[in-house]
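Note sheet for the following structure.
For the single chain, residues carry numbers from 1 onward in sequence order. Keep in mind that the numbers below use all heavy atoms, side chains included, and drop hydrogens, waters and symmetry copies.
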Amino acid sequence: MSLGAHEYLTSPANQVQIGGDHYSKLKFSPWDVYRDWMTPEQFSGFMRGSVLKYMIRYRDKGGVEDLKKARHYLDKLIEVEEEFNTGKK
């Protein structure tokens with residue numbers, strides 16, 4: 001079962017963007033599209049990989065902003081895992 005557009009847009013993690021406004025101009029956040037296209041296990045792996053990517057590179061590339069991006073992906077992963085655990089998706 002997919003979440004409706006309203007549920008995606010009101011997701012706490014979807015209310016924030018770190019580093020620009022390029023995703024906030026879109027109807028759906030790319031990670032919500034991935035979530036619909038992937039199995040829960042695949043999506044969880046994508047989100048964990050994104051957290052790791054930003055954690056690994058922060059000293060050499062984006063600094064504190066990359067740490068904030070890692071936290072943002074982690075916040076979204078927590079949100080999604082809580083939904084899976086309560087049966088919302």
Side-chain angles (χ1 to χ4, degrees):
M1 178 175 101
S2 296
L3 294 176
H6 174 73
E7 292 168 297
Y8 281 135
L9 296 174
T10 59
S11 158
N14 286 20
Q15 302 301 309
V16 176
Q17 182 171 334
I18 309 298
D21 64 353
H22 46 285
Y23 293 128
S24 64
K25 296 176 182 179
L26 302 174
K27 183 175 181 179
F28 294 103
S29 174
W31 63 23
D32 290 327
V33 174
Y34 303 153
R35 182 179 175 188
D36 275 349
W37 290 351
M38 296 175 174
T39 66
E41 293 80 16
Q42 290 170 329
F43 184 69
S44 177
F46 167 76
M47 297 301 285
R48 288 179 290 148
S50 296
V51 170
L52 287 172
K53 171 183 75 173
Y54 288 116
M55 293 292 298
I56 289 167
R57 77 180 203 182
Y58 86 94
R59 288 190 190 250
D60 297 320
K61 188 171 182 187
V64 172
E65 186 170 283
D66 275 352
L67 292 175
K68 290 177 182 179
K69 289 179 182 180
R71 180 176 59 197
H72 192 214
Y73 273 90
L74 184 58
D75 288 344
K76 182 65 173 182
L77 178 59
I78 291 167
E79 196 177 282
V80 168
E81 289 297 325
E82 287 176 343
E83 289 173 8
F84 287 145
N85 291 334
T86 60
K88 286 187 178 179
K89 176 145 174 136

- Report yes or no: do I56 and Y54 belong to one cluster of Ile/Leu/Val/Met/Phe/Trp/Tyr joined by side chain heavy-atom distances under 4.5 Å? no
- Sidechain N-carboxylate O distance under 4.0 Å for E79, K76: yes
- Message: Starting from L77, can I reach L52 by hopping between I/L/V/M/F/W/Y residues whose side chains sit under 4.5 Å apart?
- Response: no
- Give every residue pair that meets the salt bridge (charged side-chain N to carboxylate O under 4.0 Å, His left out) criterion with at least one member in residues 38-57, sequence neighbours excluded. R57-D66
- Roughly how far, to the nearest 0.5 Å, is the CE atom of M47 from the CD1 atom of I78? 10.0 Å
- Task: Can you sort out the partners of M38 under side chain to side chain contact (heavy atoms under 4.5 Å, CB included), two or more places apart, ordered by chain and number?
- Result: Y34, Q42, F43, F46
- Message: Can you give me the closest heavy-atom contact between A70 and V51, atom names plus distance?
- Response: O-CG2, 3.6 Å
- Look at the rings of Y73 and W31 and say which category their plane angle falls in: under 30° parallel, 30 to 60° tilted, over 60° perpendicular. perpendicular
- Set of residues satisfying ring-ring contact (aromatic ring centres under 6.0 Å, His included) with respect to Y58, sequence neighbours excluded: none
